[in-house]
Amino acid sequence: MGSDKEDFFSRVWRVVDDIPTGRVTTYGHIAKALGATRSARMVGWALNAASGHARPCHRVVNRFGGLSGSTHFGGAHVMEDMLRGEGVLFDDDGCVTMDDQLWVPGAYD
DNA sequence: CAGGTGACCACTT
DNA sequence: TAAGTGGCCACCT
């Protein structure tokens with residue numbers, strides 16, 4: 001099909017778009033779902049390309065539940081407010097309560 | 001042209 | 001058990 005790069009991006013966006021509201025997932029789980037377990041960084045690049053698109057990339061956090069991408073969102077407060085608006089709860093550390101809201105791509109399919 | 005960086009994670013010692 | 005290192009692929013300087 002088209003470029004492999006674009007295909008990878010599309011897969012990431014597909015998974016991100018599959019994240020239920022009020023749920024979050026991690027780069028590693030997305031990467032693994034795409035068959036690139038060690039390419040979590042590449043997933044971040046895909047989200048970077050998603051910047052400016054209608055992709056709920058704000059639902060993607062790092063394995064600690066921290067808003068790593070908040071920097072590219074215009075401020076951690078912005079991403080935090082968006083997630084809270086979705087019903088996502090945060091810990092006193094400012095991290096998402098992934099233990100209760102972590103969504104695994106494909107695990108529910 | 002070549003090197004370093006980056007929205008990170010998993011594995012090994 | 002915890003800590004440290006490598007790897008992944010593409011873009012930017």
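Every chain is numbered from 1, with letters handed out A, B, ... down the list of sequences.
- Atom P of nucleotide C:dC11 and atom CZ of A:F8 are separated by 13 Å, given to the nearest angstrom.
- Protein atom CZ of A:F9 is 7 Å distant from nucleotide atom P of C:dC11, rounded to whole Å.
- Comparing C:dA10, B:dA7, C:dG7 by their closest approach to the side chain of A:H72 singles out B:dA7.
- The distance between atom NZ of A:K32 and atom C1' of B:dA10, rounded to the nearest whole Å, is 8 Å.
- Distance CG/A:L83 to CG/A:L89: 10.5 Å, rounded to 0.5 Å.
- The closest donor-acceptor contact from the side chain of A:T25 to the backbone of A:W103 lies under 3.5 Å.
- Checked against C:dA10, B:dC8, B:dA10, the side chain of A:T37 finds its nearest nucleotide in B:dA10.
- Closest to the side chain of A:M42, from the set C:dA10, B:dA7, C:dC8, is C:dA10.
- Nearest nucleotide to the A:W45 side chain, out of B:dA7, C:dC9, C:dC11: C:dC11.
- Here C:dC9 presents its P atom at 13 Å from CZ of A:R11, a figure rounded to the nearest Å.
- Judged by atom type and distance alone, A:R41 reaches the base of C:dG7 through a side-chain donor-acceptor pair under 3.5 Å.
- For the atom pair A:D81 CG and A:F73 CZ, the distance stands at 12.5 Å (nearest 0.5 Å).
- Interatomic distance, CZ of A:R23 versus CZ of A:R59, reported as 10.5 Å (0.5 Å rounding).
- One distance of note links OG of A:S39 with CZ of A:F8; it measures 6.0 Å at 0.5 Å rounding.
- Comparing the same atom, P, in B:dG4 and in C:dG6 gives a spacing of 15 Å after rounding to whole Å.
- Residue A:S68 has a polar side-chain atom (N or O) positioned under 4.0 Å from OP1 or OP2 of B:dC8.
- Atom CG in A:N48 sits roughly 8 Å away from atom P in B:dA7 (whole-Å rounding).
- Nucleic acid contact for A:S51: base, since at least one base atom lies under 4.0 Å from a heavy atom of the residue.
- Put simply, A:R63 has a side-chain N or O that comes within less than 4.0 Å of OP1 or OP2 on B:dC9.
- As rounded to whole Å, 13 Å separates atom C1' of B:dA7 from atom CE of A:M82.
- Rounding to whole angstrom units, CZ of residue A:R38 and P of B:dA10 are separated by 8 Å.
- Put simply, CG on A:L34 is 14 Å from P on B:dC9, counting in whole angstrom units.
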